[in-house]
Amino acid sequence: MSDLSLSAIVAALGGQLHGNADLKIAGLAPLEAAGPSQIGFVSNPRYQQQLADTKAGCVIVGPGLAEAAKRRGNCIVADQPYLYFARLTQLWRSTLRAAHTPVGLSVPAVHPSAVVDPGAMVHPTARIGALCVIEHGAQIGAETQLKARVTVGEDCVIGARCLLHSGVVIGADGFGFAPDGERWEKIEQLGAVRIGDDVEIGANTCVDRGALQDTVIEDGVKLDNLIQVGHNVRIGRNTAIAGCAGIAGSATIGAQCTIGGGAVVLGHLQIADGVHISAATVVSKSIKTPGHYTGFFPLDDNASWERNAATLKQLHTLRERIKKLESEPKP
Amino acid sequence: MSDLSLSAIVAALGGQLHGNADLKIAGLAPLEAAGPSQIGFVSNPRYQQQLADTKAGCVIVGPGLAEAAKRRGNCIVADQPYLYFARLTQLWRSTLRAAHTPVGLSVPAVHPSAVVDPGAMVHPTARIGALCVIEHGAQIGAETQLKARVTVGEDCVIGARCLLHSGVVIGADGFGFAPDGERWEKIEQLGAVRIGDDVEIGANTCVDRGALQDTVIEDGVKLDNLIQVGHNVRIGRNTAIAGCAGIAGSATIGAQCTIGGGAVVLGHLQIADGVHISAATVVSKSIKTPGHYTGFFPLDDNASWERNAATLKQLHTLRERIKKLESEPKP
Amino acid sequence: MSDLSLSAIVAALGGQLHGNADLKIAGLAPLEAAGPSQIGFVSNPRYQQQLADTKAGCVIVGPGLAEAAKRRGNCIVADQPYLYFARLTQLWRSTLRAAHTPVGLSVPAVHPSAVVDPGAMVHPTARIGALCVIEHGAQIGAETQLKARVTVGEDCVIGARCLLHSGVVIGADGFGFAPDGERWEKIEQLGAVRIGDDVEIGANTCVDRGALQDTVIEDGVKLDNLIQVGHNVRIGRNTAIAGCAGIAGSATIGAQCTIGGGAVVLGHLQIADGVHISAATVVSKSIKTPGHYTGFFPLDDNASWERNAATLKQLHTLRERIKKLESEPKP
């Protein structure tokens with residue numbers, strides 16, 4: 001019922017089809033798991049052996065693997081097979097959706113259980129999931145989708161074609177307090193959050209409102225789950241951040257960056273465009289040069305780690321001892 | 001009103017009772033805080049002194065401490081006192097519940113504020129808390145309980161006797177994008193999440209749906225709060241993971257593992273059965289041998305840390321200098 | 001419409017005003033961005049140059065910068081300019097709120113979409129946001145505000161003047177299981193959570209209920225977003241913890257501490273009053289002396305990190321080699 005023929009796939013997405021255009025494809029699968037009614041892809045020429053071994057009904061390959069793929073059987077040759085595959089997942093999703101939804105029945109734009117303040121502006125083409133909360137002055141752009149249980153706070157603005165997953169909180173107060181003797185005096189967070197177009201935000205991720213000005217997420221940014229974005233942060237275009245990362249207040253992250261899971265960016269730092277931070281790495285000073293940066297303790301068996309960690313606390317002393325050895329008179 | 005006599009406890013849970021069977025127990029308490037109407041336990045013979053000092057009305061001990069416990073006063077001797085204690089907490093909870101609930105009034109299986117899609121299947125013995133969202137095609141197994149504000153996404157399957165705490169999100173999209181020049185093209189996540197029986201998932205933890213196949217959590221797995229489980233991950237039977245850990249996409253974790261709080265497992269790795277990862281450790285390569293693995297930077301006073309961290313960035317050079325010293329002619 | 005004259009500000013908050021008392025202030029801004037209708041502040045004498053350069057209509061300064069500020073133009077001199085600024089943000093917020101809210105229309109104390117158990121006690125001056133869940137036996141103190149989508153579990157107590165942000169979960173079960181062969185037996189969590197007065201808790205943060213006794217958050221504590229607080233933890237007065245931190249079960253943290261973002265405190269540890277933990281630091285043993293403690297791997301370019309991380313795994317051996325060199329006979 002939701003099968004697609006290879007010819008229908010190529011008609012929708014382009015690419016050169018070799019083999020049986022009438023073959024019905026029932027699903028997508030990883031190459032090693034795919035069966036004769038499934039389609040897979042290879043983007044990396046290193047996986048030529050997997051290509052030879054797969055039982056997939058069709059494979060998507062780049063020009064470099066075209067001959068090998070044709071020898072094997074049905075294939076679609078595309079300039080960027082991974083990108084082609086991404087678009088195929090989208091085609092699949094929309095085909096499945098159409099098959100699921102009874103004719104004439106459309107999903108309501110705003111789920112009746114959502115709590116949308118009359119002073120919020122939701123674009124007529126946006127979709128607001130069950131049990132969302134949209135506060136006064138918030139704006140939700142065209143074709144943006146909020147899944148279930150998303151909060152968008154007062155005056156926060158979400159652009160067009162965004163996707164916010166369940167549990168996301170946009171516009172909670174930034175973490176700001178002034179010391180008053182032993183206690184803390186709250187700094188009211190008077191800014192909001194501005195999110196550009198084509199932004200995706202993962203489940204239970206939080207983006208805090210700015211203290212005085214807005215926290216800004218630029219167009220095309222992708223945030224995974226359980227990420228904390230502090231107040232006054234700016235994240236540049238198309239930057240992607242993996243799960244459990246924390247971006248402390250007033251940090252500015254450039255465009256086209258990637259930040260690995262569990263990484264921490266300290267407050268008030270600046271990271272240039274095109275910087276790639278490994279997972280679990282702490283960025284403790286600004287980074288002005290594009291490149292790949294890392295800093296996490298290497299895993300070891302526990303006994304070895306204990307020995308090395310203990311020695312690490314004397315590392316500075318070891319350096320002094322080496323210096324002393326070097327300065328000693330030679331025979 | 002919800003007191004239990006020692007004889008009632010032993011009737012329900014077994015064990016050998018020594019002392020006053022009619023003593024009414026009003027609650028459970030840690031040994032050092034317990035009073036004469038409370039019951040505590042000692043599982044480790046090292047705590048013999050605490051046993052001597054406690055004012056508890058009764059103590060649960062193993063055979064090795066039986067004589068010392070009898071000399072002290074009322075006690076229950078059980079083969080596994082910690083396990084006995086766990087079961088006693090369960091007995092207590094059910095007794096308290098019964099005392100709370102007016103006769104003839106049962107908690108509704110599905111809270112009226114929950115949003116359950118007509119195309120979802122909820123077992124009649126399952127309990128769905130307030131303001132949960134269960135999407136189309138999802139299945140909730142027998143005696144499984146969802147606390148308040150849980151999301152179970154489309155087509156995700158939860159087994160029997162599971163407990164999902166407030167804020168859990170099952171089945172948000174995995175984090176998958178193909179680069180398209182400077183921008184990212186979304187890879188629709190066409191898999192779902194399959195969770196076995198007897199799984200507990202802590203507050204605000206997220207388990208993403210798979211890209212093509214399902215993310216799988218096997219029977220008996222225990223996940224603490226605020227954990228991220230990426231797409232296509234598989235977590236083996238009875239593995240327990242502490243809070244704030246992150247398991248990146250396509251990682252496979254074996255059975256009977258423990259993973260400490262804040263640990264990060266990178267993507268596509270494989271971890272064997274019986275592996276124990278310390279808190280805050282980054283697993284950056286597959287682990288094929290059971291054992292205990294660690295990797296975090298040891299805490300120090302800030303000034304010492306600064307000195308050692310600075311030297312650490314020259315560590316490779318220090319090694320070269322040692323080599324050179326070693327190669328120098330000896331007198 | 002929501003402008004405030006400088007004289008009105010000083011009338012409300014004190015301080016010495018120099019310059020045009022009638023100047024209307026339209027907003028607060030960082031010094032470098034402020035325009036002639038905005039007010040900024042300088043707390044640190046180091047920023048004297050910014051003071052000279054700013055276009056702000058008025059600046060708040062301490063006594064040490066009073067003369068420089070007067071030469072520049074309008075200023076308010078306050079003993080603690082940062083604290084003054086915090087209070088000004090509060091004045092602003094309340095003025096804005098008054099301007100927003102139509103006369104005679106008050107916000108309902110409990111949003112109609114919230115699910116409040118009849119056996120919970122909510123103070124008449126508390127405010128409960130949309131889609132919150134307050135379970136049986138829970139208590140919410142005077143003037144406490146729960147933003148949207150907060151869960152307060154059974155028997156948990158929140159003090160007065162607290163602020164809980166969206167997605168917070170108070171009183172999920174602590175993570176407690178006794179091993180029973182290969183499987184885990186649940187330890188029912190029979191304690192609750194007690195939160196003092198003037199506590200703020202950030203979005204999606206979780207505080208688990210105690211196993212036997214209560215998890216306790218003392219007065220004046222400030223918790224940022226996405227923090228995990230395990231069962232039986234106690235956090236002392238006025239301690240502030242930044243986002244993504246994890247406090248494992250039964251840890252006791254003193255008063256007046258600060259804990260940086262992403263830090264992890266292991267279970268059963270004790271941290272004295274006045275301890276400051278840097279971001280991303282793992283506290284793996286108790287800390288008895290106030291001070292500043294740190295422990296994270298320093299960031300480096302990836303190639304250097306790889307070299308140093310590899311050498312780090314031989315660090316203990318390097319130490320032995322240095323020892324050997326030192327013991328060799330000298331010429």
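Chain letters run A, B, ... following the sequence lines, proteins first, then strands; residues in each count from 1.
Relative ring orientation between Phe296(B) and Trp305(A) is described as tilted, the plane-to-plane angle lying within the 30° to 60° band.
For the residue pair Gln228(B) and Asn225(A), a side-chain donor N or O sits within less than 3.5 Å of a side-chain acceptor on the partner.
Residues satisfying the ring pair (Phe, Tyr, Trp, His ring centres under 6.0 Å) test with Tyr84(A), not counting sequence neighbours, are none. Remark: Tyr293(B) engages no residue in a ring pair (Phe, Tyr, Trp, His ring centres under 6.0 Å) (not counting sequence neighbours).
Counting heavy-atom pairs under 4.5 Å between each of Gln189(B), Glu328(B), Lys186(B) and chain A puts Lys186(B) at the top.
Looking at Ser166(A), both its backbone and its side chain come within 4.5 Å of chain B, counting heavy atoms on both sides. Proximity to chain A (any heavy atom under 4.5 Å) is shown, for Thr151(B), by both the backbone and the side chain. For Glu326(A), the parts lying under 4.5 angstrom from a heavy atom of chain B are both the backbone and the side chain. Proximity to chain A is limited to the side chain of Leu325(B), based on heavy atoms less than 4.5 angstrom apart.
Panel note: side chain Glu188(B), backbone Trp92(A); no donor-acceptor pair is recorded below 3.5 Å. A side-chain donor-acceptor contact under 3.5 Å links Asn204(A) to the backbone of Gly167(B). At least one donor-acceptor pair under 3.5 Å links the side chain of Asn308(B) to the backbone N or O of Lys313(A).
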*Yes or no on side-chain contact (heavy atoms from CB on, under 4.5 Å) for Cys244(A) and Val264(B), after CA distance, side-chain angles and deciding distance?*
CA-CA 9 Å; Cys244(A) 304; Val264(B) 172; over 6 Å; no
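Between Arg149(A) and the options Val115(B), Val169(B), Val150(B), a side-chain contact (heavy atoms from CB on, under 4.5 Å) holds for only Val169(B).
Of all the heavy atoms in Phe297(A) and Pro298(B), the pair that sits closest is CE1-CD, 4.1 Å.
Residues Asp173(B) and Leu163(A) meet the side-chain proximity criterion, which asks for heavy atoms closer than 4.5 Å.
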